[in-house]
Amino acid sequence: MKTTALELTDLDVRYGGVQALRGLSLTVAEGEIVALLGNNGAGKTTTLSTVSGLVRPAGGTVRHEGQDITRSSPPSIVERGLIHVPEGRRIFSTLTVHENLLMGGYPVRDQATLRRRLDRAYELLPRLAERRAQQGGTLSGGEQQMLAIGRALVAGPRLLMLDEPSMGLAPLLVTAVMDVIRDINAEGTSVLLVEQNAKAALKIAHRGYVIENGECTLDGSAAELSADSRVVEAYLGGV
Ligand code: ATP
């Protein structure tokens with residue numbers, strides 16, 4: 001049996017009077033790509049922020065590789081290899097591509113490890129190598145997304161959490177970003193992928209969950225979800 005990388009149990013999150021998550025539970029097995037699907041405001045971003053320690057749940061637990069990290073600090077969660085690529089990329093626009101990548105390596109103390117990760121990021125994302133001296137803010141949307149992913153790679157992810165990586169990208173670039181995510185996963189990194197583009201996400205995911213109003217209402221293998229009439233109607237644009 002596969003070991004569980006991430007286990008969320010009965011998470012409740014409130015922002016003042018708004019209940020963003022209601023008893024949300026899900027798991028990501030070691031080596032899996034798991035897609036989180038759902039409409040605007042369903043609670044997908046909140047789920048990732050709770051894992052990262054940026055949002056504190058009112059109830060429930062977050063476990064990473066069996067250990068309870070519900071109350072851990074964001075830096076210690078990063079040190080465990082839980083790396084969050086936020087929605088909207090949030091790259092440093094006045095820093096160069098190379099400097100942006102180095103920012104991902106701030107917790108890395110061993111210089112040889114840092115160099116190896118930088119080399120690997122440039123190999124997986126060759127476009128970044130071509131543009132390494134260019135300011136982040138001058139990159140195209142797709143390149144900025146690749147840079148945000150590259151920065152996460154330099155941090156050494158055991159579990160990579162991506163929030164809407166396809167947002168605002170032309171179809172060819174969506175495919176390119178999904179291919180990169182698949183390559184990263186093939187090297188052993190587990191992935192939790194939040195996407196509004198359910199079609200693109202289900203192409204690379206092993207399993208998925210549908211979130212509605214802060215709850216998981218449906219889950220299954222990517223094939224099961226792709227064939228489910230509720231998913232087809234609500235998230236795959238009907239037929
Ligand atoms: P989107 O794709 O639009 O980001 P989402 O599925 O990621 O949607 P969340 O951003 O997690 O959803 O939001 C879940 C709910 O919590 C929504 O009702 C949202 O309005 C609310 N919410 C999110 N962040 C805050 C906040 N900082 N303060 C108050 N309410 C919030």
Side-chain angles (χ1 to χ4, degrees), residues 6-28 33-62 64 69-74 77-78 82-91 141-142 144-145 148-149 152 157 159-171 173-174 177-178 181 190-205 207-220 222 225-226 228 230-237:
L6 184 72
E7 184 176 23
L8 310 184
T9 312
D10 277 336
L11 285 181
D12 279 318
V13 171
R14 295 193 193 100
Y15 299 108
V18 178
Q19 182 143 15
L21 300 184
R22 327 168 177 260
L24 180 133
S25 299
L26 64 83
T27 59
V28 180
I33 301 181
V34 171
L36 280 192
L37 311 177
N39 288 326
N40 271 334
K44 306 180 300 298
T45 298
T46 300
T47 303
L48 298 193
S49 300
T50 307
V51 176
S52 303
L54 302 171
V55 166
R56 292 294 173 200
T61 54
V62 179
H64 177 229
I69 58 160
T70 320
R71 307 273 151 215
S72 300
S73 68
I77 292 171
V78 167
L82 289 157
I83 311 297
H84 186 165
V85 179
E87 189 173 344
R89 293 127 204 180
R90 313 252 183 95
I91 59 149
Q144 290 191 12
Q145 185 59 63
I149 293 174
L159 178 95
L160 187 61
M161 297 182 279
L162 298 139
D163 198 346
E164 307 268 6
S166 80
M167 202 197 319
L169 302 184
L173 285 170
V174 173
V177 166
M178 294 297 154
I181 296 168
S190 313
V191 175
L192 183 56
L193 172 62
V194 162
E195 261 303 337
Q196 294 228 16
N197 187 338
K199 196 169 173 189
L202 289 174
K203 255 193 212 154
I204 64 162
R207 286 191 308 119
Y209 293 84
V210 172
I211 303 191
E212 290 173 321
N213 279 320
E215 293 177 83
C216 287
T217 50
L218 197 62
D219 70 279
L225 291 178
S226 303
D228 189 292
R230 291 163 290 181
V231 175
V232 171
E233 239 169 73
Y235 305 105
L236 296 172

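Given the structure is predicted, the values throughout are model-derived calculations rather than measurements. As the structure lists them, so they are numbered: ligands from 1, and atoms in each ligand from 1.
With sequence neighbours left out, the salt bridge (charged side-chain N to carboxylate O under 4.0 Å, His left out) criterion links Arg230 to Asp228. With sequence neighbours excluded, the residues that form a salt bridge (charged side-chain N to carboxylate O under 4.0 Å, His left out) with Arg207 are Glu32. Residues that satisfy the side-chain contact (heavy atoms from CB on, under 4.5 Å) test with Ser49, not counting sequence neighbours, are Thr45, Leu54, Val55, His84.
Enumerated by chain and number, the residues approaching ligand 1 to less than 4.0 Å through a heavy atom are Tyr15, Val18, Ala20, Asn39, Asn40, Gly41, Ala42, Gly43, Lys44, Thr45, Thr46, Glu87, Glu164, Gln196.
Note that the OG1 atom of Thr46 and the CG atom of Leu11 stand 10.5 Å from one another [nearest 0.5 Å].
Looking only at side-chain heavy atoms (C-beta outward), Gln19 and Asp12 come within less than 4.5 Å of each other.
The two residues Pro57 and Arg71 come nearest to each other via the heavy atoms O-NH2, 3.4 Å.
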